[in-house]
Student: 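Quick one: the structure is below, questions incoming.
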Amino acid sequence: MKNKKSGLLKILLSVLLVAVLSGCGNRGSASALTEGMQYIEAMDYNAAMNSFAAAQANGENPRLIARGMGIASMGLTDYEAAIEYFLTCLGLSNGMVEEMDYDVNYYLAAAYQKAERYGEAETVYDAILALRPGETDAYYLRGNARLSQGEYQTAKEDFDKVISLEPTNFNRLIQVYEVLAAAGYKQMGQEYLETALAERSDKMSAYDRGRINYFLGNYEQAQVLLEQAKDSGGAESYLYLGMAYEATGDYNYAITNVYNSFLSRGEGNAEIYNQLGLCYLKQGEYASALQSFQNAMQMEENSMMQVLRFNEIVAYEYLGEYTQAAVLLDNYLKTYPDDAEARREYSFLSTR
């Protein structure tokens with residue numbers, strides 16, 4: 001029922017989104033390689049691997065093939081294989097450090113992190129920072145790797161560095177809060193938010209102040225600020241505004257005056273539809289929840305399909321349509337086999 005996140009991998013892939021489409025200067029003549037990358041975009045990782053095998057047979061660029069196979073292997077949750085492909089790609093370098101080497105090292109570190117080889121992930125970020133000491137993404141992600149090893153103090157040093165380099169990047173500030181909260185350090189994460197409000201509030205929009213107050217639990221203050229911001233702040237302002245009303249138990253207002261108000265403007269948005277669906281679930285309106293999740297799935301360039309597919313399954317389950325839920329969950333696990341929560345759900349549905 002909860003809004004599942006893709007966690008650290010999602011953060012890493014969003015940081016590296018450009019990497020899926022870049023670094024392939026000769027793709028125009030490398031049809032099998034191009035096809036493989038297109039399959040990755042479509043999340044059809046087995047087909048991507050087949051295309052990369054064809055690219056090998058065609059004698060296409062071996063570095064780009066190894067890189068593509070590494071990305072596809074991550075999609076297949078075969079992180080050890082991904083690590084080997086990325087190391088192969090790096091080993092084929094001509095010795096000159098290029099943009100692609102940074103790109104692949106970020107992917108390598110992500111694979112180490114997913115394989116729970118956190119120390120090796122940290123070492124990769126060390127290497128990146130040795131050459132690019134101002135790389136805030138590397139500091140932030142190294143902080144994640146250190147936090148995964150229980151090294152709070154050194155992780156905090158990285159997060160402090162990120163915020164000192166990007167003092168007005170409030171998206172990053174909230175990312176730091178969220179990763180600390182997820183690791184059991186919510187109070188420490190809130191200290192970053194409180195400091196930002198105290199020291200840099202004049203640099204914040206009403207939207208920024210509103211969402212920071214939301215994460216601090218100041219829901220009524222968040223509502224006031226986000227009401228001010230909603231007309232100029234777009235979908236994100238409506239999303240946080242609705243969640244602030246949900247946090248005070250006012251689900252009807254969130255549904256009618258926030259989420260549906262935004263959607264009535266004709267601006268479809270997957271996150272708004274998803275949160276509307278979750279709100280309907282809390283209200284016991286399961287058919288409306290299902291429709292909301294399915295509407296979200298129709299949005300183009302949708303980056304939260306895993307979340308939506310899982311929530312659709314939950315809605316079917318609440319509706320008592322266990323057979324349909326089980327069929328969808330079986331297909332879901334073929335795409336996301338490392339989702340432990342979904343596997344527990346599958347065990348439950350198999351007994352229904």
Student: Is the shortest side-chain heavy-atom distance between Ile174 and Phe215 below 4.5 Å?
Tutor: yes
Student: Less than 6.0 angstrom separating the ring centers of Tyr177 and Tyr192, yes or no?
Tutor: no
Student: Go through the side-chain N and O atoms of Asn213 and Gln223 and say whether any donor and acceptor fall under 3.5 Å apart.
Tutor: no
Student: With ring pair (Phe, Tyr, Trp, His ring centres under 6.0 Å) as the rule and sequence neighbours excluded, what pairs involving residues 219-238 come up?
Tutor: Tyr214-Tyr219, Tyr238-Phe262
Student: What I want to check is whether the side chains of Tyr245 and Glu220 have a donor and an acceptor closer together than 3.5 Å.
Tutor: no
Student: Hydrophobic clusters here meaning ILVMFWY residues chained together by side-chain heavy-atom distances under 4.5 Å, can you tell me if Met74 and Leu108 are in one?
Tutor: yes
Student: For Pro167, run the side chain to side chain contact (heavy atoms under 4.5 Å, CB included) check against Lys203, Glu199, Arg200 and tell me which one passes.
Tutor: Arg200
Student: Verify the distance criterion only: is there a donor paired with an acceptor across the side chains of Asn269 and Glu271 at less than 3.5 Å?
Tutor: no
Student: Taking a hydrophobic cluster as the set of Ile, Leu, Val, Met, Phe, Trp and Tyr residues connected by side-chain heavy atoms closer than 4.5 Å, whether directly or through intermediates, do Phe293 and Val327 fall within one such cluster?
Tutor: no
Student: Does the structure place the NZ or CZ of Arg211 under 6.0 Å from the centre of the six-membered ring of Phe170, at an angle of no more than 45° from the ring's axis?
Tutor: no
Student: Taking the six-membered ring where the residue is Trp, are the ring centres of Tyr259 and Tyr280 under 6.0 Å apart?
Tutor: no
Student: For the rings on Tyr106 and Tyr102, is their centre-to-centre separation under 6.0 Å?
Tutor: no
Student: Hey, are Gln113 and Glu120 close enough side-chain-wise for a donor-acceptor pair under 3.5 Å?
Tutor: no
Student: Is a donor from one side chain sitting under 3.5 angstrom from an acceptor on the other, for Asn171 and Gln175?
Tutor: no
Student: Assess, by modelled atom type and distance only, whether the side chains of Asp126 and Thr123 contain a donor and an acceptor separated by less than 3.5 Å.
Tutor: no
Student: Which pairs count as salt bridge (Lys or Arg N to Asp or Glu O under 4.0 Å) when at least one residue sits in residues 158-171, sequence neighbours excluded?
Tutor: Arg142-Asp158, Arg146-Asp158, Lys156-Asp160, Glu166-Arg172
